[in-house]
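Working notes, structure below.
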Amino acid sequence: MTKIELFQILNKIADYYESFSFNKRKIESWHDVLKDADAIRVEKNLHHYVKNYTDPPKIADLLRQEKSRDIPDARETKDSIITVGIPSTLEVVQQELANLRNILGIHR
């Protein structure tokens, strides 16, 4: 990734997130990490990030590879907890526990 490409990415981040700002020092330090990154991949990751998060991305967010596993990271876990609906009733919980005991061969 060239500095010009990075500058364009940082401008987009600043457009998307009012709290994000950058200067020459940030360009230099980010470029030091992102210089070997593919600009198209970084921009794709930025677009995905912007659609899902309200805080500005960190460098690691822009370098993310496509997930090969279905295990959520900490931020995704937090987001899923926040968006969970109404908790199950005690009856449903008891039924699911009974199902688990049956699967595990635990007899009460």
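Bear in mind the structure is a predicted one, so any value in this text is a computation, not a measurement.
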Hey, mind stepping through L46 and I9 against side chain to side chain contact (heavy atoms under 4.5 Å, CB included) and telling me if it holds? CA-CA 8 Å; L46 174 61; I9 293 288; 4.2 Å; yes
Please assess L62 against R41 for the test side chain to side chain contact (heavy atoms under 4.5 Å, CB included), listing each intermediate value before the final yes or no. CA-CA 8 Å; L62 299 178; R41 165 58 80 192; over 6 Å; no
Hey, mind stepping through F22 and I13 against side chain to side chain contact (heavy atoms under 4.5 Å, CB included) and telling me if it holds? CA-CA 10 Å; F22 64 96; I13 296 172; over 6 Å; no
Output, in order, the C-alpha distance, side-chain angles, deciding distance and verdict of side chain to side chain contact (heavy atoms under 4.5 Å, CB included) for W30 and L10. CA-CA 10 Å; W30 279 48; L10 293 175; 3.6 Å; yes
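Rounding to the nearest 0.5 angstrom, the gap separating the CD atom in Q8 from the NZ atom in K12 is 7.5 Å. Here the straight-line distance linking atom OG of S29 with atom CD1 of I59 works out to 6.0 Å at 0.5 Å rounding. The distance from atom NE2 of H31 to atom CG of L6, rounded to the nearest 0.5 Å, is 6.5 Å. Taking CD from Q95 and CG from L90, the interatomic distance works out to 12.0 Å, rounded to the nearest 0.5 Å.
Annotation: side chain of K3 is not in contact with side chain of K35 (no heavy-atom distance under 4.5 Å). Looking at heavy atoms from C-beta onward, Y17 lies out of side-chain contact with D55 at the 4.5 angstrom threshold. Looking only at side-chain heavy atoms (C-beta outward), M1 and D38 stay at 4.5 Å or farther from each other. Put simply, the side chain of I27 does not reach to within 4.5 Å of the side chain of N23, judged on heavy atoms.
In plain terms, the two heavy atoms of Q94 and R101 that are nearest each other are O-NH2, 4.4 Å.
A cation-pi geometry, defined here as NZ or CZ lying under 6.0 Å from the six-membered ring centre and within 45° of its normal, holds between K26 and F20.
The main-chain N or O of T2 is found under 3.5 Å from a side-chain atom of E5 such that the two form a donor-acceptor pair. A distance-only check finds no donor-acceptor pair linking the side chain of N52 to the backbone of Y49 [under 3.5 Å]. With hydrogens and angles ignored, the 3.5 Å screen pairs no side-chain donor or acceptor of H47 with any backbone N or O of V42.
The number of heavy-atom neighbours closer than 6.0 Å to CG of L104, taken from other residues, nucleotides and ligands shown, is above 12. Around the CD1 atom of I106, the shell of radius 6.0 Å holds more than 12 heavy atoms that belong to other residues, nucleotides or ligands.
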